[in-house]
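Below is one structure, written out as structure tokens; the observations come after it.
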Amino acid sequence: MSRVINYNIHGILGIQINWDAYPRVSLEDLNLKLNYFRVADLEKPDIQVHIGRFAAGLDGSNVYERKYFVSEDSVYCEDHMLSNKWMIQLSGLESMAQLRLDVYVRSHTLRSLLAPGLFAHILLIPILEIKLLKMNYLLLHSAAVSKDGRAYLLSGRGDSFKTSLVMNLVREGYDYMGDERVVVGQESILSFPTHIKILSFCIAKLQDEHIGLLDRVRLVEFLARSPNANLPVTDRSRLAGLLYLSPSSTAFQANTLDIETAVTKMKYNLRLDHHEMTKILGVDRSPIAGCLTAYIASHPDSELAKVWTESCDRMRGIFSNITIHDLAIPLTYNTETTDFVKQFLI
Amino acid sequence: MTSLSAAFNVHNLLGISVSADRSEYSRVVKRIILEYTPFLQNDVPDPVIRIKIGAIRERPHKYTRVDGKYLVNETSLYCEDSYKVAKWRILINGFDSDVIELRIEPNWFAKDLIPAILVTPLIGLQLMKKGCALVHAAGIANAGGTLITGFGSSGKTASVFRAAEKGYKILGDDHVILKDGHVISFPTALSLFSYNIPPSMWSIPWRRQVQQKALLNKATFGYANLVTKVPIEEAFPNAIATEAVLKMVLLLQPSVCDSELVTKIERSFLVEAWLQNIVSEASYFFKYLFTYLYSNPSSLLHNYEESLKKLLVANLGECKHLFKVVFPRGAPAEFLEIVQGEI
């Protein structure tokens with residue numbers, strides 16, 4: 001059964017996902033990252049995702065590491081690990097006006113992890129990041145909350161308690177904008193809620209972001225019983241501060257960061273994101289990072305090659321008028337952490 | 001010298017010491033010796049890379065945890081990592097200082113990965129601090145030096161074999177050092193796979209080993225992809241050169257096409273391709289370095305990629321002949337002749 005899902009990200013950017021063959025029974029739907037942005041119709045998608053078999057036109061392509069095929073406008077990658085096989089093609093890279101991602105996955109073992117829809121959504125994030133940048137927005141790896149029209153970015157790598165903090169701050173009356181990523185424009189933050197239903201469950205039922213085995217069962221029950229129990233999202237707010245969260249073996253500590261340091265930190269945060277997924281697939285490099293690298297090596301003067309410098313320049317512009325702190329917090333989460341962080345949300 | 005320690009001197013540019021604390025790690029030391037045999041010395045006075053293989057019990061003092069697995073402070077990074085069945089713990093100390101200490105606790109399978117994913121990139125980092133660049137390229141020399149570069153599996157090793165048959169001297173198979181317009185040898189052990197040995201070389205003594213590993217690769221659906229390592233001196237006896245003036249750089253570009261095409265390229269093009277190549281080739285090392293830089297954004301290395309590009313441009317010296325060689329994949333071209341014709 002074929003199927004189409006449309007997403008509209010704040011009227012900035014439209015995404016369309018096409019499944020050739022959508023499974024009859026799938027839990028994917030509950031968990032798709034971008035559900036918040038689902039719309040019925042979309043006029044002209046900026047990013048088109050196609051999940052299913054596709055034919056790659058390889059004639060004239062440059063070959064990298066025997067698995068990446070780069071042409072003027074696209075990059076194709078074909079790889080496998082044991083019985084998992086994936087083919088990815090990213091096209092529209094020359095003008096970057098309209099991007100297209102083709103994904104085909106064949107997996108026998110890690111079925112749940114490699115469900116094509118989830119796989120495509122993970123691949124989509126770096127592409128979204130690039131496309132938004134070309135439209136003068138940043139997609140930053142940060143959580144965000146807002147109060148009285150002032151928004152704060154809570155930035156940190158994995159396991160830095162972004163989600164737990166957001167959960168507790170929301171309970172204390174802050175507005176939710178995103179717990180993993182947010183869209184940042186000039187002086188304003190736009191929401192980017194991911195896994196919003198799971199987060200609703202966590203806020204309603206759990207102490208912190210740690211979901212135990214029993215909680216998983218309760219989660220499924222929760223999702224089935226209250227499919228519309230979404231927490232309210234604030235879509236737009238003015239950027240007032242940036243906090244880096246650094247779980248640390250020392251006690252609570254706060255340092256003010258200057259703009260260059262903050263930009264460098266955010267740059268490497270984004271760079272490290274491109275290494276994600278390597279664990280799921282058992283490869284040493286994320287396929288999408290490999291695709292982008294091969295394309296840039298082949299076209300050093302392309303629009304894509306300028307992405308990193310451009311994103312740093314944008315960050316410099318956006319962060320120049322706000323206060324930036326690096327907060328050392330304990331290695332295990334507790335309510336004192338929320339109290340400590342709250343002092344800097346002023 | 002026991003099999004539990006070794007020392008290397010890389011052209012008096014930098015010294016490396018290796019030691020292991022238990023006999024079970026002697027195979028790791030041996031593997032490192034195999035990789036860097038031409039640089040082996042009895043003793044190196046002030047090594048700037050100190051490698052210690054053994055159990056790591058201590059953790060960095062006053063650390064920050066990144067991604068739940070890296071423990072980082074102002075000078076060091078600790079983590080446990082893995083690739084397929086290979087697992088290792090590492091503690092890298094002194095990213096920003098003149099002397100870097102690398103401590104490794106590898107499992108049985110990690111032996112072959114250590115030189116390529118940790119030691120060679122560290123040598124690159126330390127050479128950078130001394131103003132020269134370790135580039136991912138094969139180097140050959142007759143009158144002047146030629147670099148043959150390209151991403152993994154682009155035909156560097158196969159080209160080295162062909163050049164050796166034609167009487168070229170060899171400067172390195174995988175990496176060479178660039179310094180002020182000169183190519184300095186970095187003759188690490190050859191990495192042989194069934195696909196990078198030209199048919200004319202099928203008489204080589206390691207043929208059986210290569211074939212067996214290719215078979216194992218097929219049997220495990222590509223999971224086990226074992227390399228056959230051969231000291232470069234054994235493969236090319238009396239053909240190793242140490243230095244040459246850089247005359248030409250050939251960027252190999254396998255392609256889905258029917259015929260060869262040689263085009264002149266700009267320095268900026270070559271350098272960007274090199275940078276992407278290095279970051280993808282040493283992806284583990286860069287994951288560690290970027291994690292360190294995320295935690296220490298004021299580090300001297302914070303602009304690593306830009307500095308590396310500048311360094312590469314500067315060390316290309318006067319070299320004018322930069323070419324991209326596009327050729328049908330799977331059939332490495334006789335490009336040395338083609339390029340000679342171009343010049």
Side-chain angles (χ1 to χ4, degrees), chain A residues 58-71 79-83 156-160 246-250 257-258 260-269 271-272 275-276 278-279 282-286 289-290 292-301 305 308-309 326 328 331, chain B residues 59-73 82-84 117 150-154 195 220-223 253-257 266 268-277 279-281 283-284 286-287 289-299 302-303 305-306 326 329-330:
Chain A
L58 300 184
D59 274 352
S61 302
N62 289 337
V63 187
Y64 292 86
E65 293 169 18
R66 297 194 302 167
K67 60 185 178 201
Y68 301 106
F69 297 78
V70 181
S71 70
D79 206 356
H80 64 96
M81 180 53 65
L82 295 171
S83 67
R157 293 291 312 156
D159 254 358
S160 57
S246 308
S248 162
S249 65
T250 56
L257 295 187
D258 64 71
E260 269 316 303
T261 316
V263 170
T264 306
K265 220 168 157 59
M266 195 62 85
K267 171 175 94 176
Y268 285 111
N269 190 350
R271 295 302 303 264
L272 286 166
H275 286 270
E276 259 174 32
T278 52
K279 268 269 142 25
V283 292
D284 61 346
R285 194 161 161 71
S286 141
L292 298 176
T293 301
Y295 188 86
I296 295 173
S298 190
H299 305 288
D301 299 325
W308 298 117
T309 347
D326 186 14
L331 295 166
Chain B
R59 301 289 176 264
H61 184 58
K62 288 191 180 175
Y63 62 82
T64 297
R65 188 185 61 203
V66 180
D67 279 333
K69 81 175 205 186
Y70 304 101
L71 310 183
V72 194
N73 68 11
S82 65
Y83 175 59
K84 295 179 181 175
I117 73 169
F151 267 63
S153 308
S154 60
Y195 52 79
T220 56
F221 301 102
Y223 187 78
Q253 184 56 73
S255 176
V256 187
C257 62
E266 296 294 319
S268 57
F269 186 98
L270 175 68
V271 164
E272 186 66 50
W274 256 339
L275 181 73
Q276 298 302 326
N277 184 339
V279 175
S280 102
E281 192 71 21
S283 62
Y284 274 94
F286 280 98
K287 210 165 62 181
L289 180 63
F290 290 170
T291 304
Y292 173 78
L293 294 174
Y294 170 75
S295 276
N296 296 284
S298 329
S299 152
H302 78 272
N303 224 348
E305 289 158 296
E306 284 307 310
V326 177
R329 64 171 171 148

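The sequence lines fix the lettering, A, B, ..., with proteins before strands; numbering per chain opens at 1.
What you find for A:T261 and B:S298 is that their closest heavy atoms are CG2-OG, 3.9 Å. Across A:S61 and B:S255, no two heavy atoms sit closer than the pair O-OG, 2.9 Å. Shortest non-hydrogen contact noted between B:A273 and A:A297 is CB-O, 4.0 Å.
Looking at B:E306, there are no atoms closer than 4.5 Å to chain A (heavy atoms on both sides), in backbone or side chain. Proximity to chain B involves both the backbone and the side chain of A:S246, based on heavy atoms less than 4.5 angstrom apart. Only the side chain of A:F69 comes within contact range of chain B, with at least one heavy atom under 4.5 Å from a heavy atom of that chain. When heavy atoms are compared at a cutoff of 4.5 Å, B:T291 approaches chain A by way of both its backbone and its side chain. Neither the backbone nor the side chain of A:S71 comes within less than 4.5 Å of any heavy atom of chain B.
Contact tally against chain B (heavy-atom pairs below 4.5 Å) for A:L257, A:V70, A:V63, A:T250: the top residue is A:V63. For the options B:Y70, B:F221, B:F290, heavy-atom pairs under 4.5 Å to chain A are most numerous at B:F290. When each of A:M266, A:E260, A:K265 is scored by its heavy-atom pairs under 4.5 Å with chain B, the top score falls to A:K265. Between chain A and the options B:Q276, B:H302, B:E305, the largest number of non-hydrogen pairs under 4.5 Å is found for B:Q276.
To the nearest 0.5 Å, the span separating CZ on B:R329 from CG on A:L58 amounts to 7.0 Å. In this structure, CG on A:N62 lies 11.0 Å from CZ on B:F151, to the nearest 0.5 angstrom. The CD1 atom of A:I296 lies 13.5 Å from the CG atom of B:N277; values are rounded to the nearest 0.5 Å. Interatomic distance, B:S154 OG to A:E65 CD, rounded to the nearest 0.5 Å: 9.5 Å. B:S280 contributes atom OG, which lies 7.5 Å from atom OH of A:Y68 (distance to the nearest 0.5 angstrom). The OG1 atom of A:T264 sits 11.5 Å away from the CG atom of B:N296 when rounded to the nearest 0.5 Å.
Put simply, the side chain of B:R65 gets close to the backbone of A:D159: a donor and an acceptor are under 3.5 Å apart. The backbone N or O of A:R271 lies less than 3.5 Å from no partner atom in the side chain of B:Y294, so there is not a single donor-acceptor pair. Between the side chain of A:S249 and the main chain of B:Y63, a donor-acceptor pair closer than 3.5 Å is present.
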Notebook entry, point to check: Should A:R157 and B:T64 be marked as a side chain to side chain contact (heavy atoms under 4.5 Å, CB included) after you check the CA-CA gap, both sets of side-chain angles, and the distance that decides it?
Noted result: CA-CA 11 Å; A:R157 293 291 312 156; B:T64 297; over 6 Å; no
